[in-house]
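Okay, structure first, notes after.
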Number of protein chains: 2
Amino acid sequence: MPRVADHDQRRRQVADAVRRLIAVGGLEAVTVARTAAEAGISVGLVQHYFRTKDDMLLFTYRQVMADIDARLADLIERREQAGTRIEHVVLDGIAETMPLDPRRREEWRVALAFAGRAVDEPRLAAARAQRLEDLRGRLAEAIDNGKECGEVPPGLDARAAAVRLAAYAEGLTHHMFADPEHVPPSAALAALADHLATIFTGHCRLHDRAPGERPPPDAGDDAD
Amino acid sequence: MPRVADHDQRRRQVADAVRRLIAVGGLEAVTVARTAAEAGISVGLVQHYFRTKDDMLLFTYRQVMADIDARLADLIERREQAGTRIEHVVLDGIAETMPLDPRRREEWRVALAFAGRAVDEPRLAAARAQRLEDLRGRLAEAIDNGKECGEVPPGLDARAAAVRLAAYAEGLTHHMFADPEHVPPSAALAALADHLATIFTGHCRLHDRAPGERPPPDAGDDAD
DNA sequence: TCAATAACCGTATGGTCGTACGGTTTTCCT
DNA sequence: AGGAAAACCGTACGACCATACGGTTATTGA
């Protein structure tokens with residue numbers, strides 16, 4: 001019966017305002033009043049959609065990560081449909097999350113600010129931990145796919161390799177972000193490419209064979 | 001003529017109080033009043049030694065890093081005097097900076113909180129960047145020493161290897177810190193050890209010879 | 001049409017913070 | 001001894017903040 005509004009859209013509107021404020025002045029610059037002004041609404045309305053400021057920040061953090069993931073999923077799907085080698089999909093995917101242009105650099109500013117506050121905010125810490133684990137899981141899947149495909153040696157521990165790869169990417173990004181002069185993007189990407197080459201040592205049987213041809217039976221799939 | 005006090009000691013006393021406050025409640029918990037209380041002095045005295053709160057925080061950040069570096073230098077010197085392989089010195093050195101026990105975990109809480117605020121505090125960002133570059137420089141030196149010693153192949157780019165190693169350690173630490181359950185210390189250390197094994201591929205000629213024996217003349221030292 | 005109800009606004013409030021400032025104490029040099 | 005100067009204290013102040021709250025507006029279903 002009453003007036004209705006798109007809750008999700010409003011919450012995103014507020015979260016976007018928070019994101020912009022952080023990008024300019026860090027988490028310190030985020031106040032409820034400023035957020036309302038930046039979002040073009042009143043303080044009261046912000047309160048209507050977020051019970052507390054911490055709720056607002058948590059939602060914003062999740063939103064930022066979800067946006068990155070959505071972009072990532074998009075890129076991966078496009079690459080996979082194009083039949084790109086898994087190794088290259090992984091490299092491009094990781095590169096997509098790195099601060100290689102002003103937009104993504106801003107994204108990292110925001111993420112870093114939240115990571116810093118996660119130290120004393122358990123809910124932020126949990127969100128961060130979950131995202132990192134999710135990322136490791138995705139990478140492990142990709143490496144497993146690489147096994148089926150023949151790019152990755154079957155004996156390799158996909159989970160361990162994924163953990164290492166995720167950590168390597170994270171660390172390279174931190175160094176690159178803090179000091180792009182001494183750790184240029186080219187160096188970080190080269191390091192990642194070299195590391196990936198130690199995981200994806202083979203070439204993909206599935207993509208390289210002629211159309212209609214059956215894969216060689218050494219993959220262990222007991223057909224029939 | 002006037003009353004004198006140990007400035008350095010007082011400033012460290014304040015910085016220690018700040019460190020404790022951050023360890024418990026993050027940077028949010030740090031106020032000038034609380035810091036004074038934690039340090040057992042008055043607000044006025046804190047102001048006497050630090051013009052602004054930001055100055056106080058910057059000093060504290062530097063202090064935290066300096067403490068770690070001092071501990072590190074100590075460990076390295078002991079290991080080197082014991083004639084340990086450079087590869088192991090490097091591994092132990094990196095492990096020393098990792099949050100492997102509550103004390104070092106607290107250290108990382110503090111460091112992470114500062115890293116987060118470095119996003120909007122240029123002075124903190126500069127301090128962080130300088131420290132990371134310093135770390136990369138030390139690692140490059142160690143790898144160069146490994147070359148002279150025979151542990152590292154002479155053709156290897158020490159600087160590039162140092163950048164990668166530093167980033168790898170940083171990333172492993174972040175993942176381990178955020179989610180020790182899924183990235184246990186053992187996994188992080190194993191990853192580091194494996195990575196070091198790809199750099200330090202040889203054994204040290206200098207340490208393996210009999211006492212008093214002269215090193216082989218291929219080191220380039222033109223003794224007379 | 002009309003009440004019911006959510007969307008939305010603006011301000012009031014209680015508290016906290018960083019910093020300024022005037023006063024007090026202690027020590028050292030002459 | 002005595003005064004100069006720094007070490008040190010406690011409070012006051014202006015600003016800002018998160019949240020509470022009462023009032024207003026718009027829309028919907030009956």
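Per chain, numbering begins at 1; letters A, B, ... match sequence-line order.
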Nucleotide nearest A/Thr31 when distance is taken to its side chain, options D/dA18, C/dG18, C/dC9:
D/dA18

Over 12 foreign heavy atoms within 6.0 Å of CZ, A/Arg62
no

Between P on C/dT16 and CD on A/Glu28, what's the gap in Å once rounded to a whole number?
18 Å

By nearest-heavy-atom nucleotide on DNA chain D, the more 5' of B/Val4 and B/Val43 is B/Val4

D/dA18, D/dA7, D/dT25: which one has an atom nearest the side-chain heavy atoms of A/Arg3?
D/dT25

Polar pair under 3.5 Å, donor/acceptor by atom type, side chain B/Gln47, base C/dA20
yes

Charged N-O contact under 4.0 Å between A/Asp74 and A/Arg71
no

Please compare B/Arg34 and A/Leu45 by the position of their nearest nucleotide in DNA chain C and report the one closer to 5'.
A/Leu45

When you check the gap from the basic side-chain N to the acidic O, do B/Glu170 and B/Arg136 get nearer than 4.0 Å?
no

Do A/Arg123 and A/Asp55 sit within salt-bridge range, that is, some charged N less than 4.0 Å from a carboxylate O?
yes

Classify A/Arg51 by what it touches in the nucleic acid, base, sugar-phosphate, or nothing, heavy-atom distance under 4.0 Å.
nothing

Note: for B/Gly40 and A/Asp54 on DNA chain D, the residue whose nearest nucleotide lies more 5' is B/Gly40

Which nucleotide in the set C/dC9, C/dG10, D/dC8 lies at the smallest distance from any side-chain heavy atom of B/Ala5?
D/dC8

If you only use heavy atoms from C-beta on, which nucleotide in C/dT5, D/dT19, C/dT19 is closest to the side chain of A/Pro2?
C/dT5

What contact category does A/Phe50 fall into here, base, sugar-phosphate, or nothing, at under 4.0 angstrom with non-hydrogen atoms?
nothing

When we call it a touch if two heavy atoms are under 4.0 Å apart, what does A/Val46 touch: a base, just sugar-phosphate, or nothing?
nothing

Of the listed nucleotides (D/dC8, D/dC9, C/dC8), which one gets closest to any side-chain atom of A/His48?
C/dC8

